[in-house]
2 protein chains.
Amino acid sequence: MEVMEAIRQRRSVRAYRPEPVPAEALEAILEAARLAPSASNRQAWRFVVVTCAHRRAELARLARRQDFVAQAPVVIAAVALEPDRVMPCGVEAYAVDLGIAVDHMTLAATSLGLGTCWIGAFDQDGVRRLLGIPEQYKVVALLPVGYPADTPRPKQRKEPAAIVSWEVWTS
Amino acid sequence: MEVMEAIRQRRSVRAYRPEPVPAEALEAILEAARLAPSASNRQAWRFVVVTCAHRRAELARLARRQDFVAQAPVVIAAVALEPDRVMPCGVEAYAVDLGIAVDHMTLAATSLGLGTCWIGAFDQDGVRRLLGIPEQYKVVALLPVGYPADTPRPKQRKEPAAIVSWEVWTS
């Protein structure tokens, strides 16, 4: 699928069919994350791929009982290994880096007909404990992956003029 | 261009040809940002598109004298409007959101034959002052955009086994 088409089609999928994610598709999605750029090319990340139904149910519970998280046959926890690193501009490098890597995964998934949903509402300590992630690391997102069972709705976005300024700031 | 191909080809371009970025290409790149997802769909961002040679030279100076930044005919400053927002998981929403939006732009640019480079090493106050950005906002990245003048090198990335864990944490 073309890049712009994937960007247009990517959406937050909140209902999944039970069919498993084919191994080659999962491999491609993880490869998309692996190839992502990161500040100083640190690649300070790890992706925990959860397929166990019990653990997925626990992840859904820890994500404010968003049951669809457990419905997806795969949930990927994206973990930052250096959550204290800040770029010279003052922005947290780990959050941008993981943002890029997970975005790569969402677009790769879309291009393969799979759905995803960024989950940021979860219990950090609880997820770390469930997956055995040492507490010096930080889970940046949970990403359910599976075949969509819901119907796409049109995207709600601001108009271009509301988000673009030319040459200098305008608001 | 296919999504996976764009992910493979995207790289940090640090030399640019002088040809301008066609208006339709720039429009597509900004559209890619506009369609990006954000926490609670806040879209708390603005993209300042700089083409003025004088300002680009100043941006390069403020980016630790990385001269190639001024070489690119367009530099986009990606600005977060809500830099204090934190997700329930404890991760800064603004950094992830802008990470996603700028990643969308880099992949859209790649698919159009254009190069980009994530710049995080810059003087935050200086860039805000130069572009007239109010100080309650935060510039997350500078993104030069233009036709590449350098030669691609192979990506240096960790092996898959070094970044993926199955079911539970492994290191």
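Every chain is numbered from 1, with letters handed out A, B, ... down the list of sequences. As the structure is a prediction and not an experimental result, all values here were calculated from the model.
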Heavy-atom proximity to chain A below 4.5 Å, by part of B:Ile100 | both
Is it the backbone or the side chain of A:Trp166 that comes under 4.5 Å from a heavy atom of chain B, or both, or neither?
-> both
Same hydrophobic cluster for B:Val79 and B:Ile76, using side-chain heavy-atom links shorter than 4.5 Å among ILVMFWY?
-> no
In terms of heavy-atom pairs under 4.5 Å with chain A, the winner among B:Gly132, B:Gly120, B:Ala141, B:Ala32 is B:Gly120
Which region of B:Asn41, side chain (C-beta onward) or backbone (N, CA, C, O), has a non-hydrogen atom less than 4.5 Å from a non-hydrogen atom of chain A, or is it both or neither?
-> side chain
Any donor-acceptor pair under 3.5 Å linking the side chain of A:Gln124 with the backbone of B:Gly90?
-> no
Spatial distance of atom CZ (A:Arg34) from atom CD1 (B:Ile7) [nearest 0.5 Å] | 12.0 Å
Single-linkage hydrophobic cluster B:Val21~B:Phe68, side-chain heavy atoms < 4.5 angstrom | no
Non-hydrogen side-chain atoms of A:Leu131 and B:Trp169 separated by less than 4.5 Å | no
Contact winner vs chain B - A:Val96, A:Thr51, A:Asp103, heavy-atom pairs under 4.5 Å = A:Asp103
Report yes or no: does B:Arg157 contribute a side-chain atom to a donor-acceptor pair with the main-chain N or O of A:Ala36 at less than 3.5 Å?
-> yes
Hey, quick one: are B:Val145 and B:Trp45 part of the same hydrophobic cluster, counting side-chain heavy atoms closer than 4.5 Å, chains of contacts allowed?
-> yes
Engaged part of A:Val102 at the chain B interface, taking heavy atoms whose separation is under 4.5 Å | neither
With a 4.5 angstrom heavy-atom cut-off, which part of A:Arg56 approaches chain B: side chain, backbone, both or neither?
-> neither
Is it the side chain or the backbone of A:Leu98 that comes within 4.5 Å of chain B heavy atoms, both, or neither?
-> neither
Is the CD atom of B:Glu135 crowded by more than 12 outside heavy atoms at less than 6.0 Å?
-> no
Region of B:Glu27 that comes under 4.5 Å of a non-hydrogen atom in chain A | neither
Are the side chains of A:Leu107 and B:Leu107 in touch, meaning some heavy atoms are under 4.5 Å apart?
-> yes
In terms of heavy-atom pairs under 4.5 Å with chain A, which of B:Ala108, B:Ala162, B:Ala77, B:Ala101 leads?
-> B:Ala162
Between A:Glu2 (side chain) and B:Met1 (backbone), is there a donor-acceptor pair under 3.5 Å?
-> yes
So if you build clusters from Ile, Leu, Val, Met, Phe, Trp, Tyr with side-chain heavy-atom gaps below 4.5 Å, do B:Ile29 and A:Ile163 land together?
-> yes
Do B:Val75 and B:Ile119 share a hydrophobic cluster, counting only Ile, Leu, Val, Met, Phe, Trp and Tyr and linking them when any side-chain heavy atoms are less than 4.5 Å apart?
-> yes
Would you say the side-chain atoms of B:Arg46 pair up with the backbone N or O of A:Thr170, donor to acceptor, closer than 3.5 Å?
-> yes
Please determine, among B:Ser165, B:Gly99, B:Ala63, the option with the most heavy-atom pairs under 4.5 Å with chain A.
-> B:Ser165
Please look at B:Ala39 and chain A and tell me whether the side chain, the backbone, both or neither of the residue comes under 4.5 angstrom of a heavy atom of that chain.
-> neither
Tell me, out of A:Val50, A:Val168, A:Val3, who's got the most heavy-atom pairs with chain B below 4.5 Å.
-> A:Val3
Among the listed options B:Met87, B:Arg8, B:Gln156, B:Arg10, the residue most often paired with chain A at heavy-atom distances under 4.5 Å | B:Arg10
For chain A, which of B:Arg11, B:Lys155, B:Glu5, B:His104 has the most heavy-atom pairs under 4.5 Å?
-> B:His104
By a 4.5 Å heavy-atom criterion (distance strictly below it), what part of B:Leu112 contacts chain A: side chain, backbone, both, or neither?
-> neither
Let me know if A:Leu26 has heavy atoms under 4.5 Å from chain B in its side chain, its backbone, both or neither.
-> side chain
Just wondering, more than 12 heavy atoms not from A:Glu19 lying within 6.0 Å of its CD?
-> yes
Output for pair (B:Met4 CE, A:Glu31 CD), nearest 0.5 Å, gives 5.5 Å
How long is the span from the NZ atom in A:Lys158 to the CD atom in B:Gln43, to the nearest 0.5 Å?
-> 6.0 Å
Flag the one option from A:Ala121, A:Gly126, A:Ser111, A:Cys89 with the top tally of heavy-atom pairs under 4.5 Å to chain B.
-> A:Cys89
